[in-house]
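Below is one structure; the comments refer to it alone.
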Amino acid sequence: MGQTLLGNDQVAKKLNQIRTLMELAGEPFYKFMAYERAASAIENAGPLKELIAADELVKLPGIGKSIAATIMELCERGQCGLLEELSQRFPPTIFEVLGVSGIGIKTAGTLFEQFGIASLADLEHAVESGMLAGLPRMGKKSVENIKRGILAYKGRQNRTPLGAALRIARDVLAYLKDGPPTDRLTYAGSLRRAEVTVGDIDIVCTSDQAAAVIDYFVRWKRAQAVLAEGPTKASIWLEGGLQIDLRVLPDAVYGNLLQHFTGSREHNIQLREYAVRKGLRVSENGILELETGRSITCRTEEEVYAAIDMQYIPPELRSGIGEIDVARARSLPALIERDDIRGDFHMHSTWSDGRDTLETMIASAAALGYEYHSISEHSWGRGPKYGMNPEQVRAQRAKVHEYGEKLSIRTLCSSEVDILPDGSMDYSDSVLAEFDIVIGSIHSALNQTRDELTKRLIRACENPYVNIIGHPTGRYDTFNGYEFDYDAVFAAAARTGTALEIDGQEGRLDLPAPLARRAKEFGVTFTTDSDAHAAAQLANLDLAVSQARRAGLTKEQVLNTRTFDEVKMFVERKRRRTA
DNA sequence: GCCGTTTTCGGCCCGACTGTTTTCAGTCG
């Protein structure tokens, strides 16, 4: 097969477009909702091309024959008849109108039918000309709302990366802690599920002074607008359009509240559907026994899952792709924890493109309590500014050992060596043999064909001195990464005893969780690394662990949870086997 | 459109807030 025309994210986006246009066209509720559910499943599924090849599409929850056919058509043609048909009726710019906060399907439909408003520009004209005022339920405030929505739409940035969102969440939590008394206070939503990007920030709080907490929240100096303010709930916008929602309830329902607002939407729908079959109605206010009318309140999330008779599901697994069934069977894996980590294999100092000195990096790794870590500068193919030649590598080795001993941490000599376009490495085997452990990464010729990249990565795995493939897909922020035959490379990594990295650098988070979940099925070993380019970025290892958890990994599957001797054995075994 | 420990039909999660209303539709998460 050649290149796929659309990847998971693009197919999911098109399914969501179908969903919206179907609703506009007046299709039945559960028909268009099926497309929304399918989109969510595709976002969280393994690579589409591999799923289609294995005929596994209909195994995904919410995807039957009809939608599977649509997905295959999208993958093959980059387009499908259903969407083309719907697009005849509504121009693509209608999504601009729907993107304006406060305008939903009903309003957009009315505006389109009555005034032909089909784009943001049309909407602006209509607002300025005052023609909206005649519509039912369209008073002064509603028009003002739309005006504000238009401004927000224009100034809005894309989804916020996980790392940046966590910093903002910590800021607002710190602010709230200084306000009226609260019992428990934390972030929930996609942030707690550790999604790679988040659309908004959800804060949950318990307090017996809800009104005072809400009032304090909306007066935060970083709030640019207050979107909603009720007795238990408020929403604000920050500069750039990031929305923060706060919900305040009594402490007796903290478990229900946290479970509800952690989501995901799809997870909660499935959980509640299952609960209904057991005669229970689940919401943030508690669990209602329909037969007796008795309400069960839960102080912890564990109590919520226990009340529905299933195993506790960690937030990172709540994506609605089958975890409910596994939890009912009590077969969820014991996920890796941050405390399981004994070291970090991937970091840079000023010897290559890092910002902190070698000694600072080693001291900082020691301060984190690691048993071991490795310094992994770039190889010389990165150029004289960022890469190191073999003489510099040897000069650094003496320093690495000196500082490591001084700071009482086992510091391994490593390198992040470029995998060249033909799959050979940027250092000769004799130079590679001098390192304690080697990361191989692709940084160049990203535009090779799928076939070339597959061969390149497999050849790197087959090199006896390459122990870890760094940031395997090359994804960065909005770049989805170069495409290769994932299954073939995962199989090669497992066969050769080569670990695949889950890189925790903000913007990378690579391998992405759905691919790591796929790789796990091949028996691959993983590493969770910071890829720190400054001492403060060593904390990015936390992000890597969160992605490993989303992939359902246990500590046994992650190399840097093992002891120093076990890591050395992992390296030696490959050298003996393949040298 | 999908799904099944009521399995090929008849269901399909739950609630808060807003604005324009005198009881609720629309939006959002």
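Bear in mind the structure is a predicted one, so any value in this text is a computation, not a measurement.
Within residues 11-18 of chain A, no residue has a heavy atom under 4.0 Å from DNA chain B. In the region residues 203-212 of chain A, proximity to DNA chain B at under 4.0 angstrom, judged on heavy atoms, holds for none of the residues.
The residue among A/Asp325 and A/Ser142 whose nearest nucleotide of DNA chain B lies closer to the 5′ end is A/Asp325. Position along DNA chain B of the nearest nucleotide to A/Ser66 versus A/Ile103 favours A/Ser66 as the more 5'-ward residue.
If you take CG of A/Leu24 and P of B/dG26, they are 14 Å apart, rounded to a whole angstrom. Rounded to a whole Å, the NZ atom of A/Lys65 is 17 Å from the P atom of B/dT8. Atom P of nucleotide B/dG26 and atom CG of A/Leu111 are separated by 13 Å, given to the nearest angstrom. In this structure, A/Ile146 atom CD1 and B/dT20 atom P are separated by 10 Å, rounded to whole Å. In this structure, the CZ atom of A/Arg148 is 13 Å from the C1' atom of B/dT27, given to the nearest Å. At whole-Å resolution of the value, OH in A/Tyr274 and C1' in B/dG4 are 14 Å apart. If you take NZ of A/Lys140 and C1' of B/dT21, they are 18 Å apart, rounded to a whole angstrom. A straight line from CD1 of A/Ile236 to P of B/dG29 spans 14 Å, rounded to a whole angstrom.
Residues that satisfy the salt bridge (charged side-chain N to carboxylate O under 4.0 Å, His left out) test with A/Lys141, not counting sequence neighbours, are absent from this structure. Contacts of A/Glu195 classified as side chain to side chain donor-acceptor pair (under 3.5 Å), with partners at least two apart in sequence or in another chain: A/Arg193. Every residue two or more places apart in sequence or in another chain was checked for a ring-ring contact (aromatic ring centres under 6.0 Å, His included) with A/His260, and none qualifies. Under the rule for a side-chain contact (heavy atoms from CB on, under 4.5 Å), the partners of A/Ala121 that lie at least two apart in sequence or sit in another chain are A/Ser119. In this structure, A/Gln224 has no side chain to side chain donor-acceptor pair (under 3.5 Å) partners at least two apart in sequence or on a different chain. Every residue two or more places apart in sequence or in another chain was checked for a side chain to side chain donor-acceptor pair (under 3.5 Å) with A/Glu96, and none qualifies. Applying the side chain to side chain donor-acceptor pair (under 3.5 Å) criterion to A/Glu50, with sequence neighbours excluded, gives no partner residue.
With distances taken from any side-chain atom of A/Lys31 to the nucleotides B/dG1, B/dG26, B/dC28, the minimum falls on B/dG1.
Nucleic acid contact class of A/Thr107 (heavy atoms, under 4.0 Å, all strands): sugar-phosphate only. Across all strands, A/Leu271 comes closer than 4.0 Å to no nucleic acid atom at all (heavy-atom distances). Residue A/Lys278 is classed as having no contact, given no heavy-atom separation below 4.0 Å to the nucleic acid.
Taking the six-membered ring for Trp and thresholds of 30 and 60 degrees, A/Tyr175 and A/Tyr216 have nearly parallel ring planes, at less than 30 degrees apart. Classification of the A/His267-A/Tyr305 ring pair by plane angle, with boundaries at 30° and 60°, yields tilted.
Comparing the C1' positions of B/dT6 and B/dG10 gives a spacing of 11 Å, expressed to the nearest Å. Rounded to whole Å, the C1' atom of B/dT7 lies 13 Å from the corresponding atom of B/dC2. Taking the C1' atoms as reference points, B/dC3 lies 10 Å from B/dT8, given to the whole Å. B/dT18 and B/dT23 are spaced 15 Å apart, taking the C1' atom of each and rounding to whole Å. Between the P atoms of B/dC14 and B/dC9, the separation comes to 26 Å (whole Å). B/dC17 and B/dC12 are spaced 26 Å apart, taking the P atom of each and rounding to whole Å. Comparing the C1' positions of B/dG29 and B/dT22 gives an interatomic distance of 28 Å, to the nearest angstrom. Here the separation of B/dT20 from B/dC13, taken at their C1' atoms, is 28 Å to the nearest Å.
A close approach under 4.0 Å does not occur between any side-chain nitrogen or oxygen of A/Gln243 and OP1 or OP2 of B/dC28.
The two atoms that bring A/Ser207 and A/Val213 nearest to each other are OG-CG2, 3.8 Å, heavy atoms only.
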message: For nucleotides 9-18 of chain B, give me one character per nucleotide, 5' to 3': B if any protein heavy atom sits under 4.0 Å from the base, S if the only such contacts are to the sugar-phosphate, - if neither.
response: ---BBBSSSS
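A salt bridge is defined here as a Lys NZ or Arg NE, NH1 or NH2 lying under 4.0 Å from an Asp or Glu carboxylate O, and A/Glu284 with A/Lys233 fails to meet this definition.
Judged by Watson-Crick or G-U wobble contacts below 3.5 Å, the nucleotide B/dT8 has no partner.
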Let me check something: any side-chain donor-acceptor pairs from residues 33-41 of chain A under 3.5 Å, sequence neighbours excluded? List them with distances.
{"residue": "A/Glu36", "atom": "OE1", "partner": "A/Arg19", "partner atom": "NE", "Å": "2.6"}
{"residue": "A/Glu36", "atom": "OE1", "partner": "A/Arg19", "partner atom": "NH2", "Å": "3.3"}
{"residue": "A/Glu36", "atom": "OE2", "partner": "A/Arg265", "partner atom": "NE", "Å": "2.8"}
{"residue": "A/Glu36", "atom": "OE2", "partner": "A/Arg265", "partner atom": "NH2", "Å": "3.3"}
{"residue": "A/Arg37", "atom": "NE", "partner": "A/Glu266", "partner atom": "OE2", "Å": "3.1"}

Residues 61-71 of chain A, side-chain donor-acceptor partners within the protein, below 3.5 Å, at least two apart:
{"residue": "A/Thr70", "atom": "OG1", "partner": "A/Ser66", "partner atom": "O", "Å": "3.3"}

